[in-house]
**Student:** 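Below is one structure. I have some questions about it.
Chain A is the first sequence line, chain B the second, and so forth, proteins listed ahead of strands; every chain is numbered from 1. Predicted model only: the values in this text are computed from it and were never measured.
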Number of protein chains: 2
Amino acid sequence: MSLRNAQPARGAAPAGTVDDLDRLLLSLLTEDAAVTNKALADRLGLAESTCAYRVRALREAGVITGTRAQLDLALLGYPLQAIVKVRLGSHTMANVSQLYDALATAPGVIQAFHLAGADDFHLHVAVEDAEALRDFVLRHVTTHRVVRQTETHLVFEVRRGAGVLAGGGDRGKR
Amino acid sequence: MSLRNAQPARGAAPAGTVDDLDRLLLSLLTEDAAVTNKALADRLGLAESTCAYRVRALREAGVITGTRAQLDLALLGYPLQAIVKVRLGSHTMANVSQLYDALATAPGVIQAFHLAGADDFHLHVAVEDAEALRDFVLRHVTTHRVVRQTETHLVFEVRRGAGVLAGGGDRGKR
DNA sequence: TGTGAAATATAACGCTA
DNA sequence: TAGCGTTATATTTCACA
């Protein structure tokens with residue numbers, strides 16, 4: 001079980017299998033990646049060595065891509081968040097990918113979504129105040145010639161969702 | 001400087017001040033929260049004790065709200081992502097907050113945005129396939145009576161943005 | 001799975017500028 | 001007051017049995 005075998009074992013899934021225990025583990029790590037291995041092992045009823053082994057395997061398999069610190073943006077002086085919808089006038093490959101690069105690296109952008117549909121991109125941004133928001137759009141979005149239209153919506157609140165591991169193991173059995 | 005004083009010092013900002021060094025620190029921790037204190041200190045040219053001190057202070061001040069493991073959703077079996085726009089028919093406080101709770105805890109939801117504008121919520125979801133996406137919308141969104149309309153858009157790609165700390169210290173000087 | 005050695009983190013201290 | 005270096009203690013990690 002689990003993804004210890006990167007080599008195509010018998011009838012296993014291509015990139016290794018993640019079992020329910022792994023899912024529980026991942027679920028706990030997405031809540032708080034700073035938990036000690038001991039605490040993790042205790043909560044799952046595993047030996048510490050086994051627990052550490054599984055976590056390392058998940059990391060090496062690429063399932064865990066990294067761990068990041070979460071910041072309180074308001075405390076940092078960026079209390080205003082918005083979604084900026086971006087529509088292009090031209091959709092050549094070069095245009096799109098170049099703009100995507102520029103948008104994703106613009107200061108204040110938390111996440112950049114490349115979408116199918118009328119909106120090409122959704123930018124989730126955090127800024128100091130309304131003026132900074134206007135500046136952001138004018139400076140980093142509408143300056144690009146390919147951008148035909150933008151629409152900015154205030155974000156009242158963002159919540160982390162339950163994620164794909166919700167339920168703790170009853171999903172993914174298809 | 002920095003946020004050692006939670007008490008309202010002279011003309012300082014309410015919750016303490018975050019200086020450029022703190023911002024650099026935070027920037028590194030948002031990239032990889034698993035770095036050792038020693039590595040952090042080395043990279044910033046700080047003494048380990050000082051570095052640990054500042055990180056702890058940032059944590060206690062609430063600037064760092066936690067650390068989370070990032071997962072490769074595709075590897076986990078959820079290769080399809082979408083933005084589900086949700087519009088309500090009624091906007092009473094109770095309706096909105098109750099629905100928000102339900103949406104944010106629905107399995108598959110990565111993030112839930114509560115927005116100003118025509119769309120009340122944007123849900124960023126990850127699912128197994130197109131069928132699961134349809135099921136998600138029918139089961140967890142349109143079932144709620146207050147939901148008047150939904151619109152689902154495929155996500156081609158999501159990128160982490162530069163964040164508010166981009167530039168490493170030249171921002172926030174207003 | 002359990003164990004033990006090496007590495008690391010934490011907290012407290014005095015000292016300096 | 002912020003930073004530094006040191007200490008002692010607790011904890012973690014890693015390789016191996």
**Student:** Answer yes when Arg87(A) and Asp120(A) have at least one side-chain N-carboxylate O distance shorter than 4.0 Å, and no when they do not.
**Tutor:**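 Not counted as a salt bridge, because no side-chain N and carboxylate O are separated by less than 4.0 Å.
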**Student:** Quick one: does any side-chain atom of Asp22(B) pair with a main-chain N or O of Arg54(B) as donor and acceptor, under 3.5 Å?
**Tutor:**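 It does not hold such a pair.
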**Student:** Is the side chain of Arg68(A) donor-acceptor paired with the backbone N or O of Glu31(B) at a distance under 3.5 Å, no angle test?
**Tutor:**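 Yes; at least one donor-acceptor contact below 3.5 Å.
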**Student:** Between dG14(C) atom P and Tyr53(B) atom OH, what is the distance in whole Å?
**Tutor:**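 In whole Å, dG14(C) P lies 15 Å from Tyr53(B) OH.
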**Student:** Compare every heavy atom of Ala33(B) with every heavy atom of Ala69(A), then report the nearest pair and how far apart it is.
**Tutor:**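 What the structure gives for the nearest pair is N-CB, 3.6 Å.
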**Student:** Just to verify, which of His91(A), His114(A), His140(A) counts as forming a ring pair (Phe, Tyr, Trp, His ring centres under 6.0 Å) with Phe121(A)?
**Tutor:**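 By the ring pair (Phe, Tyr, Trp, His ring centres under 6.0 Å) criterion, Phe121(A) pairs with just one of His91(A), His114(A), His140(A): His114(A).
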**Student:** Does a sphere of radius 6.0 Å around CD in Glu157(B) hold more than 12 heavy atoms from other residues, nucleotides or ligands, not counting ones at 6.0 Å or beyond?
**Tutor:**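 Yes, the 6.0 Å shell around CD holds more than 12 heavy atoms from other groups.
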**Student:** Examine distances only and state if a side-chain atom of Thr65(A) and a backbone atom of Asp72(B) form a donor-acceptor pair shorter than 3.5 Å.
**Tutor:**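 It does not hold such a pair.
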**Student:** Compare the minimum distances between each of dA11(C), dG3(D), dT6(D) and the side chain of Arg56(B), then state the nucleotide with the smallest one.
**Tutor:**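 Nearest listed nucleotide: dA11(C).
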**Student:** Send over the distance from Arg54(B) CZ to dT1(D) P, rounded to a whole Å.
**Tutor:**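 Going from CZ in Arg54(B) over to P in dT1(D) covers 15 Å.
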**Student:** What is the separation between atom CD on Glu48(A) and atom P on dT13(D), rounded to the nearest whole Å?
**Tutor:**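 Answer to the nearest Å: 9 Å.
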**Student:** For the helix from dT1(C)-dA17(D) to dA17(C)-dT1(D), what is the angle between the axes at its two ends, each from 5 pairs, rounded to 10°?
**Tutor:**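 Overall, the helix from dT1(C)-dA17(D) to dA17(C)-dT1(D) bends by 30° from one end axis to the other.
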**Student:** Does the Ser27(B) side chain pair with the main chain of Arg23(B), one donor and one acceptor, at a distance under 3.5 Å?
**Tutor:**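 Checking the backbone N and O of Arg23(B) against the side chain of Ser27(B), no donor-acceptor pair under 3.5 Å is found.
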**Student:** Mind running a 4.0 Å heavy-atom check of residues 31-47 of chain A against DNA chain D and sending the residues that fall below it, in number order?
**Tutor:**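 Per residue number, the list reads Thr36(A), Asn37(A), Lys38(A).
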**Student:** To the side chain of Ser49(B), which of dG3(D), dT3(C), dG5(D) is closest?
**Tutor:**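 Looking only at side-chain atoms, Ser49(B) lies closest to dG5(D).
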